[in-house]
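Step one of this worksheet: look at the structure below.
Reckoned from all heavy atoms, side chains included, excluding hydrogens, waters and symmetry mates. On a predicted model such as this, the values are computed, not experimentally measured, just so you know.
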Amino acid sequence: MRYEPTSSDEVLIDGCLNGHDEAWEALVTKYERLIYSICRRYSLPQAESDDVFGRVSLILLQHLESLKDRARLTSWLITPPAGNVGA
């Protein structure tokens with residue numbers, strides 16, 4: 001299967017959980033702009049924005065299996081972290 005940033009979240013997450021690195025790369029690419037736009041909204045410097053992006057990516061990777069509604073990943077990403085633990 002070919003994984004693209006335009007693929008559905010469900011397809012990309014399933015690919016990630018099945019060990020497909022291309023799915024993870026596509027998922028991160030798909031949401032990179034969203035994460036950085038939130039950082040810009042808070043006027044974070046580039047170095048801090050990069051750190052936030054890395055942290056969010058790591059948290060997402062750690063919680064992929066426990067996501068209850070894979071179609072609502074955007075909502076999960078923009079919810080404060082305390083609300084995402086165990087989501």
Enter the distance from Leu34:CG to Ile38:CD1 here, rounded to the nearest 0.5 Å.
4.5 Å
Can you pull the salt bridge (charged side-chain N to carboxylate O under 4.0 Å, His left out) pairs that have at least one residue in residues 43-58, sequence neighbours excluded?
Asp51-Arg55
When clusters are formed by joining ILVMFWY residues with side-chain heavy atoms under 4.5 Å apart, either directly or through shared neighbours, do Phe53 and Leu58 land in the same one?
no
Any salt bridge (charged side-chain N to carboxylate O under 4.0 Å, His left out) involving residues 4-15? Give me the pairs, sequence neighbours left out, ordered by first then second residue.
Arg2-Glu4, Asp9-Lys30, Asp14-Arg70
Report the residues that fulfil side chain to side chain contact (heavy atoms under 4.5 Å, CB included) with Thr29, sequence neighbours left out, ordered by chain and then residue number.
Pro5
Using a 3.5 Å cut-off and no angle test, enumerate the donor-acceptor pairs between side-chain atoms of residues 20-27 and protein atoms at least two apart in sequence or in another chain.
none

The reported gap from CG in Leu12 to CG in Leu73 (rounded to nearest 0.5 angstrom) is 9.0 Å
Compare all side-chain heavy atoms of Leu67 with those of Leu60 and state whether any distance is below 4.5 angstrom.
yes
Does Gln62, at its CD atom, have more than 12 non-hydrogen atoms belonging to other residues, nucleotides or ligands within less than 6.0 Å?
yes
Heavy atoms of Val11 and Tyr3 approach each other most closely as O-CE2, 3.7 Å
Look up atom CZ in Arg40 and atom CD1 in Ile35, then write down how far apart they are to the nearest 0.5 Å.
11.5 Å
Between Thr74 and Tyr31, is any pair of side-chain heavy atoms under 4.5 Å apart?
yes
Distance check, rounded to the nearest 0.5 Å: Leu64 atom CG versus Ile59 atom CD1?
12.0 Å
Can you list everything that forms a side-chain hydrogen bond (donor to acceptor under 3.5 Å, both in side chains) with Ser57? Sequence neighbours excluded, please.
none
